[in-house]
**Q** 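Supplied in C-alpha coordinates, the structure appears directly below.
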2 protein chains.
Amino acid sequence: MFSFTEENYLKAIYHLSGGAQKSVLTNELAEAMQTKAASVTDMLKKLAVKELVQYERYYGVNLTGKGKSEALQIIRKHRLWETFLVEKLSFTWDEVHEVAEQLEHIQSPRLINKLDEYLGFPKSDPHGDPIPDQHGKLKALPQVSLDQLKPGSKGTISSVKDDDPELLKYLEKIGAKPGKKLEVVSRESYDESVEILLDKRKVFFSKEVSKNILLVI
Amino acid sequence: MFSFTEENYLKAIYHLSGGAQKSVLTNELAEAMQTKAASVTDMLKKLAVKELVQYERYYGVNLTGKGKSEALQIIRKHRLWETFLVEKLSFTWDEVHEVAEQLEHIQSPRLINKLDEYLGFPKSDPHGDPIPDQHGKLKALPQVSLDQLKPGSKGTISSVKDDDPELLKYLEKIGAKPGKKLEVVSRESYDESVEILLDKRKVFFSKEVSKNILLVI
DNA sequence: GTAAAAATTTAGACGAGTCTAAAAAATTTT
DNA sequence: AAAATTTTTTAGACTCGTCTAAATTTTTAC
(Lines give C-alpha, C1' and ligand atoms only; values in the text may rest on other atoms or scores of the structure.)
Protein backbone atom coordinates (compact mmCIF):
# COMPACT_ATOMS: atom_id res chain seq x y z
CA MET A 1 0.00 0.00 0.00
CA PHE A 2 2.63 2.55 1.04
CA SER A 3 6.39 2.51 0.50
CA PHE A 4 8.93 1.97 3.27
CA THR A 5 9.91 5.60 2.96
CA GLU A 6 6.38 6.89 3.23
CA GLU A 7 5.80 4.70 6.28
CA ASN A 8 8.95 6.01 7.92
CA TYR A 9 7.90 9.60 7.35
CA LEU A 10 4.45 8.95 8.84
CA LYS A 11 5.98 7.33 11.89
CA ALA A 12 8.45 10.18 12.38
CA ILE A 13 5.70 12.78 12.03
CA TYR A 14 3.61 10.91 14.57
CA HIS A 15 6.42 10.85 17.12
CA LEU A 16 7.58 14.43 16.56
CA SER A 17 4.02 15.74 16.79
CA GLY A 18 3.51 13.99 20.14
CA GLY A 19 0.85 11.67 18.76
CA ALA A 20 -0.60 13.99 16.10
CA GLN A 21 -1.02 16.76 18.67
CA LYS A 22 0.98 19.54 17.08
CA SER A 23 2.49 20.55 13.74
CA VAL A 24 5.93 19.29 12.73
CA LEU A 25 8.43 21.55 10.98
CA THR A 26 10.43 20.63 7.92
CA ASN A 27 13.82 20.86 9.59
CA GLU A 28 12.83 18.73 12.59
CA LEU A 29 11.68 16.09 10.20
CA ALA A 30 14.83 16.37 8.11
CA GLU A 31 16.93 15.78 11.21
CA ALA A 32 14.81 12.83 12.36
CA MET A 33 14.89 11.24 8.92
CA GLN A 34 18.60 11.89 8.45
CA THR A 35 17.97 13.71 5.21
CA LYS A 36 17.83 17.23 3.78
CA ALA A 37 15.01 19.76 4.16
CA ALA A 38 14.50 19.85 0.39
CA SER A 39 13.82 16.11 0.34
CA VAL A 40 11.33 16.48 3.16
CA THR A 41 9.43 19.18 1.29
CA ASP A 42 9.15 16.89 -1.74
CA MET A 43 7.87 14.00 0.34
CA LEU A 44 5.37 16.11 2.27
CA LYS A 45 3.80 17.19 -1.02
CA LYS A 46 3.39 13.57 -2.03
CA LEU A 47 1.92 12.58 1.33
CA ALA A 48 -0.49 15.51 1.09
CA VAL A 49 -1.72 14.33 -2.34
CA LYS A 50 -2.41 10.93 -0.76
CA GLU A 51 -4.31 12.68 2.04
CA LEU A 52 -2.05 11.26 4.73
CA VAL A 53 -1.00 14.72 5.94
CA GLN A 54 -2.16 18.29 5.80
CA TYR A 55 0.73 20.34 4.60
CA GLU A 56 0.91 24.10 4.59
CA ARG A 57 3.87 25.73 2.86
CA TYR A 58 6.34 27.18 5.41
CA TYR A 59 4.12 26.21 8.36
CA GLY A 60 4.78 22.52 8.78
CA VAL A 61 2.68 19.41 8.60
CA ASN A 62 -0.06 17.57 10.49
CA LEU A 63 -1.25 13.98 10.16
CA THR A 64 -4.78 13.45 8.85
CA GLY A 65 -6.97 10.77 10.43
CA LYS A 66 -5.84 8.39 7.72
CA GLY A 67 -2.18 9.29 8.29
CA LYS A 68 -2.43 8.89 12.05
CA SER A 69 -4.12 5.55 11.70
CA GLU A 70 -1.42 4.34 9.31
CA ALA A 71 1.32 5.57 11.68
CA LEU A 72 -0.28 3.70 14.58
CA GLN A 73 -0.38 0.47 12.59
CA ILE A 74 3.34 0.76 11.94
CA ILE A 75 4.02 1.52 15.60
CA ARG A 76 1.87 -1.46 16.56
CA LYS A 77 3.97 -3.70 14.34
CA HIS A 78 7.23 -2.25 15.62
CA ARG A 79 6.31 -2.83 19.27
CA LEU A 80 4.89 -6.31 18.74
CA TRP A 81 8.05 -7.38 16.92
CA GLU A 82 10.22 -5.91 19.70
CA THR A 83 8.21 -7.91 22.20
CA PHE A 84 8.60 -11.06 20.11
CA LEU A 85 12.34 -10.64 19.85
CA VAL A 86 12.77 -10.23 23.61
CA GLU A 87 10.15 -12.71 24.84
CA LYS A 88 10.63 -15.51 22.33
CA LEU A 89 14.07 -15.13 20.80
CA SER A 90 15.76 -13.81 23.96
CA PHE A 91 17.19 -10.66 22.46
CA THR A 92 18.24 -8.02 24.99
CA TRP A 93 16.28 -4.75 24.94
CA ASP A 94 19.12 -2.79 23.38
CA GLU A 95 19.27 -5.12 20.35
CA VAL A 96 15.67 -5.05 19.19
CA HIS A 97 15.03 -1.57 17.86
CA GLU A 98 17.10 -1.84 14.71
CA VAL A 99 15.62 -5.17 13.66
CA ALA A 100 12.09 -4.00 14.47
CA GLU A 101 12.67 -1.01 12.19
CA GLN A 102 12.82 -3.53 9.35
CA LEU A 103 10.11 -5.93 10.54
CA GLU A 104 7.57 -3.13 11.01
CA HIS A 105 7.27 -2.80 7.22
CA ILE A 106 6.12 -6.38 6.56
CA GLN A 107 2.67 -6.22 4.96
CA SER A 108 0.32 -8.85 6.33
CA PRO A 109 -2.52 -8.03 8.70
CA ARG A 110 -2.94 -11.74 9.31
CA LEU A 111 0.69 -12.07 10.39
CA ILE A 112 0.55 -9.23 12.86
CA ASN A 113 -2.69 -10.36 14.45
CA LYS A 114 -1.41 -13.93 14.77
CA LEU A 115 1.78 -12.58 16.32
CA ASP A 116 -0.25 -10.50 18.77
CA GLU A 117 -2.19 -13.61 19.78
CA TYR A 118 1.00 -15.71 20.04
CA LEU A 119 2.46 -13.15 22.43
CA GLY A 120 -0.73 -13.12 24.54
CA PHE A 121 -1.93 -9.65 23.47
CA PRO A 122 0.79 -7.70 25.30
CA LYS A 123 -0.10 -4.18 26.47
CA SER A 124 3.40 -2.76 26.22
CA ASP A 125 6.75 -3.51 24.63
CA PRO A 126 10.08 -4.24 26.38
CA HIS A 127 10.80 -0.51 26.79
CA GLY A 128 7.41 0.12 28.37
CA ASP A 129 5.79 1.77 25.35
CA PRO A 130 2.11 0.92 24.92
CA ILE A 131 1.09 -1.27 21.96
CA PRO A 132 -1.84 0.03 19.87
CA ASP A 133 -4.60 -2.54 19.37
CA GLN A 134 -5.91 -3.80 15.98
CA HIS A 135 -7.98 -0.67 15.56
CA GLY A 136 -5.10 1.65 16.40
CA LYS A 137 -6.39 2.43 19.89
CA LEU A 138 -3.54 3.41 22.16
CA LYS A 139 -3.67 3.37 25.94
CA ALA A 140 -1.49 6.38 26.72
CA LEU A 141 -0.53 6.89 30.34
CA PRO A 142 0.06 10.39 31.69
CA GLN A 143 3.82 10.32 31.82
CA VAL A 144 6.42 12.71 33.22
CA SER A 145 10.09 12.61 32.34
CA LEU A 146 12.53 12.23 35.22
CA ASP A 147 14.20 15.58 34.49
CA GLN A 148 10.96 17.38 35.39
CA LEU A 149 10.38 15.69 38.74
CA LYS A 150 11.02 17.60 42.01
CA PRO A 151 13.13 16.20 44.85
CA GLY A 152 10.96 14.17 47.20
CA SER A 153 8.55 12.92 44.55
CA LYS A 154 8.15 9.21 43.81
CA GLY A 155 7.13 7.41 40.65
CA THR A 156 7.25 4.18 38.69
CA ILE A 157 9.27 3.93 35.50
CA SER A 158 6.77 3.44 32.69
CA SER A 159 9.06 3.62 29.69
CA VAL A 160 12.49 4.54 28.36
CA LYS A 161 13.63 5.74 24.95
CA ASP A 162 14.05 2.63 22.80
CA ASP A 163 16.46 3.59 20.04
CA ASP A 164 19.78 4.15 21.77
CA PRO A 165 21.53 0.83 22.50
CA GLU A 166 24.22 2.46 24.66
CA LEU A 167 21.63 4.13 26.89
CA LEU A 168 19.71 0.88 27.16
CA LYS A 169 22.76 -1.16 28.12
CA TYR A 170 23.55 1.43 30.78
CA LEU A 171 20.00 1.36 32.20
CA GLU A 172 20.00 -2.43 32.13
CA LYS A 173 23.18 -2.46 34.23
CA ILE A 174 21.65 -0.04 36.73
CA GLY A 175 18.35 -1.91 36.80
CA ALA A 176 16.25 1.01 35.63
CA LYS A 177 13.51 -0.93 33.82
CA PRO A 178 9.83 -0.22 33.31
CA GLY A 179 7.90 -1.20 36.45
CA LYS A 180 10.66 -0.19 38.86
CA LYS A 181 9.77 2.37 41.53
CA LEU A 182 12.07 5.27 42.30
CA GLU A 183 12.29 8.42 44.43
CA VAL A 184 14.03 11.66 43.54
CA VAL A 185 16.46 12.58 46.31
CA SER A 186 18.01 15.77 44.98
CA ARG A 187 18.88 17.69 41.87
CA GLU A 188 22.20 19.47 41.36
CA SER A 189 21.41 22.98 40.11
CA TYR A 190 24.75 23.32 38.33
CA ASP A 191 24.22 20.60 35.67
CA GLU A 192 20.72 19.41 36.56
CA SER A 193 21.99 15.92 37.25
CA VAL A 194 19.72 14.05 39.62
CA GLU A 195 20.17 11.67 42.54
CA ILE A 196 17.54 8.98 42.97
CA LEU A 197 16.73 5.98 45.13
CA LEU A 198 16.22 2.77 43.17
CA ASP A 199 16.03 -0.67 44.83
CA LYS A 200 17.24 1.10 48.02
CA ARG A 201 20.42 2.13 46.19
CA LYS A 202 21.52 5.68 45.45
CA VAL A 203 21.94 6.32 41.71
CA PHE A 204 22.99 9.44 39.79
CA PHE A 205 21.71 10.35 36.35
CA SER A 206 22.84 13.20 34.11
CA LYS A 207 20.14 15.49 32.79
CA GLU A 208 20.61 13.88 29.37
CA VAL A 209 19.74 10.44 30.75
CA SER A 210 16.93 11.69 32.99
CA LYS A 211 15.12 13.17 29.98
CA ASN A 212 14.81 9.68 28.50
CA ILE A 213 13.21 8.04 31.52
CA LEU A 214 9.43 8.43 31.73
CA LEU A 215 7.39 7.77 34.86
CA VAL A 216 3.84 7.58 36.12
CA ILE A 217 3.43 9.34 39.44
CA MET B 1 24.24 -5.14 1.68
CA PHE B 2 22.13 -5.94 -1.41
CA SER B 3 18.80 -4.50 -2.46
CA PHE B 4 15.53 -6.44 -2.37
CA THR B 5 15.59 -6.54 -6.14
CA GLU B 6 19.11 -7.88 -6.34
CA GLU B 7 18.26 -10.55 -3.78
CA ASN B 8 15.18 -11.57 -5.74
CA TYR B 9 17.21 -11.90 -8.92
CA LEU B 10 19.82 -14.04 -7.20
CA LYS B 11 17.15 -16.31 -5.76
CA ALA B 12 15.41 -16.66 -9.12
CA ILE B 13 18.69 -17.43 -10.88
CA TYR B 14 19.47 -20.04 -8.24
CA HIS B 15 16.13 -21.79 -8.71
CA LEU B 16 16.08 -21.59 -12.52
CA SER B 17 19.63 -22.90 -12.75
CA GLY B 18 18.77 -25.91 -10.60
CA GLY B 19 21.04 -24.82 -7.79
CA ALA B 20 23.70 -23.05 -9.86
CA GLN B 21 24.04 -26.11 -12.14
CA LYS B 22 23.28 -24.58 -15.52
CA SER B 23 23.04 -21.19 -17.25
CA VAL B 24 19.83 -19.17 -17.09
CA LEU B 25 18.55 -17.29 -20.13
CA THR B 26 17.33 -13.71 -20.12
CA ASN B 27 13.77 -14.55 -21.12
CA GLU B 28 13.34 -17.28 -18.50
CA LEU B 29 14.45 -14.83 -15.89
CA ALA B 30 12.16 -12.11 -17.26
CA GLU B 31 9.20 -14.46 -16.96
CA ALA B 32 10.15 -15.58 -13.44
CA MET B 33 10.65 -12.00 -12.29
CA GLN B 34 7.48 -10.75 -13.98
CA THR B 35 9.43 -8.13 -15.85
CA LYS B 36 10.79 -7.41 -19.35
CA ALA B 37 13.91 -8.87 -20.95
CA ALA B 38 15.45 -5.41 -21.27
CA SER B 39 15.20 -4.88 -17.51
CA VAL B 40 16.83 -8.25 -16.90
CA THR B 41 19.76 -7.38 -19.14
CA ASP B 42 20.31 -4.15 -17.19
CA MET B 43 20.23 -5.96 -13.86
CA LEU B 44 22.52 -8.77 -15.00
CA LYS B 45 25.14 -6.20 -15.93
CA LYS B 46 24.93 -4.72 -12.45
CA LEU B 47 25.14 -8.10 -10.76
CA ALA B 48 28.15 -8.95 -12.92
CA VAL B 49 29.96 -5.79 -11.80
CA LYS B 50 29.36 -6.87 -8.19
CA GLU B 51 30.75 -10.30 -9.05
CA LEU B 52 27.57 -12.08 -8.04
CA VAL B 53 27.07 -13.58 -11.51
CA GLN B 54 29.05 -14.35 -14.63
CA TYR B 55 27.17 -12.84 -17.50
CA GLU B 56 27.92 -13.46 -21.15
CA ARG B 57 26.06 -11.36 -23.71
CA TYR B 58 23.41 -13.44 -25.52
CA TYR B 59 24.39 -16.63 -23.66
CA GLY B 60 22.77 -16.22 -20.27
CA VAL B 61 24.04 -16.03 -16.74
CA ASN B 62 25.61 -18.19 -14.03
CA LEU B 63 25.96 -17.54 -10.31
CA THR B 64 29.47 -17.06 -8.95
CA GLY B 65 30.43 -18.63 -5.63
CA LYS B 66 29.57 -15.36 -3.95
CA GLY B 67 26.22 -15.17 -5.75
CA LYS B 68 25.31 -18.76 -4.92
CA SER B 69 26.19 -18.26 -1.28
CA GLU B 70 24.05 -15.13 -1.13
CA ALA B 71 21.13 -16.93 -2.81
CA LEU B 72 21.36 -19.77 -0.29
CA GLN B 73 21.25 -17.32 2.61
CA ILE B 74 18.02 -15.86 1.26
CA ILE B 75 16.55 -19.32 0.71
CA ARG B 76 17.57 -20.24 4.25
CA LYS B 77 15.70 -17.23 5.59
CA HIS B 78 12.65 -17.91 3.43
CA ARG B 79 12.35 -21.51 4.61
CA LEU B 80 13.00 -20.75 8.27
CA TRP B 81 10.29 -18.07 8.24
CA GLU B 82 7.86 -20.44 6.53
CA THR B 83 8.56 -22.97 9.25
CA PHE B 84 8.03 -20.35 11.93
CA LEU B 85 4.71 -19.26 10.45
CA VAL B 86 3.35 -22.81 10.34
CA GLU B 87 4.87 -24.17 13.55
CA LYS B 88 4.44 -21.20 15.84
CA LEU B 89 1.76 -18.96 14.36
CA SER B 90 -0.39 -21.82 12.95
CA PHE B 91 -0.54 -20.57 9.41
CA THR B 92 -1.58 -23.20 6.84
CA TRP B 93 1.03 -24.18 4.27
CA ASP B 94 -0.71 -22.34 1.45
CA GLU B 95 -0.55 -19.01 3.32
CA VAL B 96 3.13 -18.81 4.13
CA HIS B 97 4.94 -18.29 0.84
CA GLU B 98 3.82 -14.73 0.19
CA VAL B 99 4.70 -13.51 3.69
CA ALA B 100 8.04 -15.34 3.63
CA GLU B 101 8.87 -13.53 0.38
CA GLN B 102 8.90 -10.37 2.45
CA LEU B 103 10.50 -11.72 5.62
CA GLU B 104 13.42 -13.28 3.69
CA HIS B 105 14.84 -9.79 3.09
CA ILE B 106 15.22 -8.81 6.75
CA GLN B 107 18.91 -8.14 7.39
CA SER B 108 20.07 -9.58 10.69
CA PRO B 109 22.27 -12.65 10.94
CA ARG B 110 21.59 -12.68 14.68
CA LEU B 111 17.83 -12.80 14.09
CA ILE B 112 17.95 -15.67 11.67
CA ASN B 113 20.26 -17.76 13.81
CA LYS B 114 18.11 -17.16 16.90
CA LEU B 115 15.04 -18.10 14.89
CA ASP B 116 16.75 -21.29 13.71
CA GLU B 117 17.54 -22.17 17.31
CA TYR B 118 14.00 -21.30 18.48
CA LEU B 119 12.59 -23.67 15.86
CA GLY B 120 14.97 -26.45 16.95
CA PHE B 121 17.21 -26.33 13.85
CA PRO B 122 14.65 -27.76 11.43
CA LYS B 123 15.99 -29.69 8.43
CA SER B 124 13.14 -28.86 6.06
CA ASP B 125 10.28 -26.39 5.68
CA PRO B 126 6.52 -27.15 5.64
CA HIS B 127 6.63 -28.02 1.92
CA GLY B 128 9.50 -30.44 2.42
CA ASP B 129 12.23 -28.24 0.99
CA PRO B 130 15.58 -28.56 2.77
CA ILE B 131 16.82 -25.61 4.83
CA PRO B 132 20.45 -24.54 4.21
CA ASP B 133 22.54 -24.27 7.38
CA GLN B 134 24.41 -21.14 8.59
CA HIS B 135 27.20 -21.78 6.13
CA GLY B 136 24.84 -22.30 3.20
CA LYS B 137 25.26 -26.08 3.17
CA LEU B 138 22.20 -27.71 1.67
CA LYS B 139 21.26 -31.35 2.12
CA ALA B 140 19.73 -32.08 -1.29
CA LEU B 141 17.93 -35.39 -1.66
CA PRO B 142 17.85 -37.15 -5.03
CA GLN B 143 14.26 -36.38 -5.99
CA VAL B 144 12.03 -37.49 -8.84
CA SER B 145 8.84 -35.75 -9.83
CA LEU B 146 5.67 -37.83 -9.85
CA ASP B 147 5.11 -37.31 -13.58
CA GLN B 148 8.31 -39.26 -14.31
CA LEU B 149 7.51 -42.31 -12.19
CA LYS B 150 6.50 -45.61 -13.86
CA PRO B 151 3.39 -47.56 -12.78
CA GLY B 152 4.24 -50.00 -10.01
CA SER B 153 6.93 -47.82 -8.44
CA LYS B 154 6.64 -46.57 -4.87
CA GLY B 155 8.03 -43.50 -3.19
CA THR B 156 7.72 -41.02 -0.34
CA ILE B 157 6.66 -37.45 -0.97
CA SER B 158 9.66 -35.29 -0.13
CA SER B 159 8.40 -31.89 -1.24
CA VAL B 160 5.81 -29.97 -3.21
CA LYS B 161 5.98 -26.64 -5.04
CA ASP B 162 5.46 -23.97 -2.39
CA ASP B 163 4.23 -20.91 -4.26
CA ASP B 164 0.76 -21.85 -5.52
CA PRO B 165 -1.85 -21.56 -2.76
CA GLU B 166 -4.56 -23.26 -4.84
CA LEU B 167 -2.39 -26.30 -5.48
CA LEU B 168 -1.44 -26.45 -1.82
CA LYS B 169 -5.05 -26.28 -0.61
CA TYR B 170 -5.89 -29.09 -3.02
CA LEU B 171 -3.01 -31.28 -1.85
CA GLU B 172 -3.88 -30.56 1.77
CA LYS B 173 -7.45 -31.79 1.16
CA ILE B 174 -6.14 -34.95 -0.50
CA GLY B 175 -3.54 -35.50 2.22
CA ALA B 176 -0.55 -35.39 -0.11
CA LYS B 177 2.03 -33.98 2.29
CA PRO B 178 5.77 -34.51 2.61
CA GLY B 179 6.44 -37.79 4.40
CA LYS B 180 3.45 -39.61 2.92
CA LYS B 181 4.15 -42.82 0.99
CA LEU B 182 2.48 -43.48 -2.33
CA GLU B 183 2.44 -46.00 -5.17
CA VAL B 184 1.84 -45.30 -8.84
CA VAL B 185 -0.99 -47.53 -10.08
CA SER B 186 -1.32 -46.45 -13.70
CA ARG B 187 -0.82 -43.60 -16.13
CA GLU B 188 -3.33 -42.61 -18.80
CA SER B 189 -1.40 -42.22 -22.05
CA TYR B 190 -3.94 -39.77 -23.50
CA ASP B 191 -3.35 -36.90 -21.03
CA GLU B 192 -0.63 -38.39 -18.83
CA SER B 193 -2.85 -38.16 -15.77
CA VAL B 194 -1.81 -40.63 -13.10
CA GLU B 195 -3.61 -42.89 -10.65
CA ILE B 196 -1.92 -43.46 -7.31
CA LEU B 197 -2.47 -45.20 -4.01
CA LEU B 198 -2.22 -42.87 -0.99
CA ASP B 199 -3.31 -43.93 2.51
CA LYS B 200 -4.92 -46.97 0.86
CA ARG B 201 -7.13 -44.65 -1.22
CA LYS B 202 -7.10 -44.28 -4.99
CA VAL B 203 -6.29 -40.73 -6.11
CA PHE B 204 -6.00 -39.18 -9.60
CA PHE B 205 -3.63 -36.38 -10.46
CA SER B 206 -3.40 -34.47 -13.73
CA LYS B 207 0.05 -34.25 -15.31
CA GLU B 208 0.17 -30.60 -14.27
CA VAL B 209 -0.22 -31.53 -10.59
CA SER B 210 2.06 -34.56 -10.77
CA LYS B 211 4.94 -32.38 -12.02
CA ASN B 212 4.82 -30.45 -8.76
CA ILE B 213 5.09 -33.42 -6.42
CA LEU B 214 8.63 -34.60 -5.73
CA LEU B 215 9.50 -37.97 -4.21
CA VAL B 216 12.40 -39.99 -2.91
CA ILE B 217 12.29 -43.55 -4.14
C1' DG C 1 9.81 48.74 10.87
C1' DT C 2 13.63 47.59 8.26
C1' DA C 3 17.74 44.65 7.89
C1' DA C 4 19.95 40.40 8.85
C1' DA C 5 19.42 35.62 9.80
C1' DA C 6 17.10 31.37 9.63
C1' DA C 7 13.91 28.26 7.65
C1' DT C 8 11.73 26.55 3.69
C1' DT C 9 10.76 25.86 -1.07
C1' DT C 10 11.89 25.61 -6.02
C1' DA C 11 14.71 24.22 -9.85
C1' DG C 12 17.46 21.08 -11.89
C1' DA C 13 20.13 16.86 -11.50
C1' DC C 14 21.25 12.01 -10.29
C1' DG C 15 21.00 6.67 -9.45
C1' DA C 16 18.11 2.67 -9.16
C1' DG C 17 14.98 -0.02 -11.47
C1' DT C 18 11.74 -0.12 -14.81
C1' DC C 19 9.60 0.55 -19.57
C1' DT C 20 8.98 0.78 -25.04
C1' DA C 21 10.85 0.78 -29.51
C1' DA C 22 14.49 -0.21 -32.42
C1' DA C 23 18.83 -2.58 -33.49
C1' DA C 24 21.74 -6.58 -33.30
C1' DA C 25 22.87 -11.30 -32.68
C1' DA C 26 21.55 -16.10 -32.51
C1' DT C 27 18.64 -19.78 -33.98
C1' DT C 28 15.48 -22.10 -36.97
C1' DT C 29 13.42 -22.87 -41.33
C1' DT C 30 13.47 -23.85 -45.94
C1' DA D 1 23.50 -20.96 -46.71
C1' DA D 2 20.34 -17.34 -47.11
C1' DA D 3 15.92 -15.85 -45.22
C1' DA D 4 12.75 -15.67 -41.59
C1' DT D 5 12.07 -15.88 -36.80
C1' DT D 6 13.25 -15.57 -32.10
C1' DT D 7 16.06 -13.89 -28.49
C1' DT D 8 18.71 -10.44 -26.54
C1' DT D 9 20.71 -5.95 -26.19
C1' DT D 10 20.91 -0.92 -26.77
C1' DA D 11 18.98 3.67 -26.62
C1' DG D 12 16.23 6.81 -24.60
C1' DA D 13 12.67 7.87 -21.31
C1' DC D 14 9.98 7.59 -16.90
C1' DT D 15 9.15 7.38 -11.56
C1' DC D 16 10.90 7.47 -6.87
C1' DG D 17 13.56 9.36 -3.48
C1' DT D 18 17.39 11.83 -2.98
C1' DC D 19 20.80 15.80 -3.57
C1' DT D 20 22.94 20.86 -4.21
C1' DA D 21 22.39 25.53 -5.24
C1' DA D 22 19.56 29.34 -5.67
C1' DA D 23 15.31 31.79 -4.64
C1' DT D 24 11.68 32.88 -1.48
C1' DT D 25 9.29 33.44 2.82
C1' DT D 26 9.25 33.84 7.75
C1' DT D 27 11.39 35.08 11.97
C1' DT D 28 14.61 37.56 14.75
C1' DA D 29 17.47 41.46 15.84
C1' DC D 30 18.33 46.06 16.04
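Letters A, B, ... are given to chains in the order of the sequence lines, protein chains preceding strands, and every chain is numbered from 1.
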**Q** When you compare the side chain of B:Y55 with that of B:L47, does any pair of heavy atoms fall below 4.5 Å?
**A**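 A side-chain contact is absent here, since even the closest heavy-atom pair is not under 4.5 Å.
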
**Q** Is it possible for you to check whether A:K50 lies under 6.0 Å from the centre of the six-membered ring of A:F2, through NZ or CZ, and within 45° of that ring's axis?
**A**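 Verdict for A:F2: no cation-pi partner in A:K50.
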
**Q** Please state whether the phosphate of D:dC16, meaning OP1 or OP2, lies under 4.0 angstrom from any side-chain nitrogen or oxygen of A:T5.
**A**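 No, because none of the side-chain N or O atoms of A:T5 sits under 4.0 Å from OP1 or OP2 of D:dC16.
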
**Q** When the distance from OH of B:Y55 to P of D:dT7 is rounded to whole Å, what number comes out?
**A**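 In whole Å, D:dT7 P and B:Y55 OH are 16 Å from each other.
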
**Q** In whole Å, I'd like the distance from the CD atom of A:Q34 to the P atom of D:dC19.
**A**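 Rounded to whole Å, this separation is 10 Å.
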
**Q** For C:dT10, does either OP1 or OP2 sit under 4.0 Å from a side-chain N or O belonging to A:T41?
**A**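 So the side chain of A:T41 is outside the cut-off, no N or O lying under 4.0 Å from OP1 or OP2 of C:dT10.
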
**Q** Answer yes or no: does a side-chain N or O of A:K45 lie under 4.0 Å from OP1 or OP2 of C:dT10?
**A**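 For C:dT10, OP1 or OP2 has a side-chain N or O of A:K45 closer than 4.0 Å.
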
**Q** Against the six-membered ring of A:Y118, is A:K88 placed for a cation-pi contact (under 6.0 Å from the centre, within 45° of the normal)?
**A**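 Pair A:K88/A:Y118 counts as cation-pi.
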
**Q** What's the spacing between B:L215 CG and B:I196 CD1 if we round to 0.5 Å?
**A**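 One gets 8.5 Å once the value is rounded to the nearest 0.5 Å.
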
**Q** Aromatic rings B:W81 and A:W81: how do their planes relate, parallel, tilted or perpendicular, breaks at 30° and 60°?
**A**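 Correct class here is perpendicular.
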
**Q** Does B:K36 have a side-chain nitrogen or oxygen under 4.0 Å from the phosphate oxygens OP1 or OP2 of C:dT20?
**A**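 Yes.
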
**Q** Round to a whole Å and report the spacing from CE of B:M43 to C1' of C:dA16.
**A**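 Going from B:M43 (CE) to C:dA16 (C1'), I get 8 Å.
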
**Q** Kindly give the atom pairs (protein nitrogen or oxygen, nucleotide nitrogen or oxygen) under 3.5 Å for nucleotides 21-24 of chain C.
**A**
none

**Q** On DNA chain D, check which nucleotide each of A:A37 and A:Y59 is closest to and give me the residue with the more 5' one.
**A**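 The residue whose closest nucleotide sits nearer the 5' end is A:A37.
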
**Q** Say you draw a straight line from OG of B:S3 to CE of B:M43; how long is it, rounded to the nearest 0.5 Å?
**A**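 One finds 5.5 Å between OG of B:S3 and CE of B:M43.
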
**Q** Select base, sugar-phosphate, or nothing to describe what B:S39 touches, counting heavy atoms under 4.0 Å on all strands.
**A**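 Result for B:S39 = base.
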
**Q** Do A:L103 and B:L103 have side chains that approach each other closer than 4.5 Å (heavy atoms only, starting at C-beta)?
**A**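 With C-beta onward as the side chain, the pair touches.
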
**Q** Counting only side-chain heavy atoms from C-beta out, which of D:dT26, D:dG17, C:dT18 sits nearest to A:K46?
**A**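 Taking heavy atoms from C-beta onward, the closest nucleotide is D:dG17.
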
**Q** Does a side-chain N or O of A:S3 approach OP1 or OP2 of D:dC16 to a distance below 4.0 Å, or not?
**A**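 No, A:S3 has no side-chain N/O under 4.0 Å of OP1/OP2 on D:dC16.
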
**Q** Using both distances under 3.5 Å as the test, list the Watson-Crick or G-U wobble partner of C:dT30, or none.
**A**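 Pairing partner, where one exists within any strand: D:dA1.
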
**Q** Round to a whole Å and report the spacing from CD of B:E7 to P of C:dA16.
**A**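 Going from B:E7 (CD) to C:dA16 (P), I get 16 Å.
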
**Q** Measure CG/A:L47 against C1'/D:dC16 and give the value in whole Å, please.
**A**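 In whole Å, D:dC16 C1' lies 13 Å from A:L47 CG.
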
**Q** Would you mind reading off the distance between B:E31 atom CD and D:dT7 atom P, rounded to a whole angstrom?
**A**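 Distance, rounded to whole Å: 11 Å.
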
**Q** Tell me the interatomic distance from B:M33, atom CE, to C:dG17, atom P, rounded to whole angstroms.
**A**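 Taking atom P of C:dG17 as the reference, CE of B:M33 is at 10 Å.
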
**Q** Quick one: does A:P130's side chain get under 4.5 Å of A:R79's, heavy atoms only?
**A**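 In contact.
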
**Q** Please report the distance, rounded to the nearest Å, between CG in A:D42 and C1' in C:dC14.
**A**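 Atom-to-atom, A:D42 to C:dC14, this comes out as 13 Å.
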
**Q** Regarding B:F4, tell me which of base, sugar-phosphate or nothing describes its non-hydrogen contacts under 4.0 Å with the strands shown.
**A**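 If one applies the 4.0 Å heavy-atom cut-off, B:F4 turns out to touch nothing in the nucleic acid.
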
**Q** Answer yes or no: does a side-chain N or O of A:N27 lie under 4.0 Å from OP1 or OP2 of C:dA6?
**A**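 Answer is no, no contact under 4.0 Å.
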
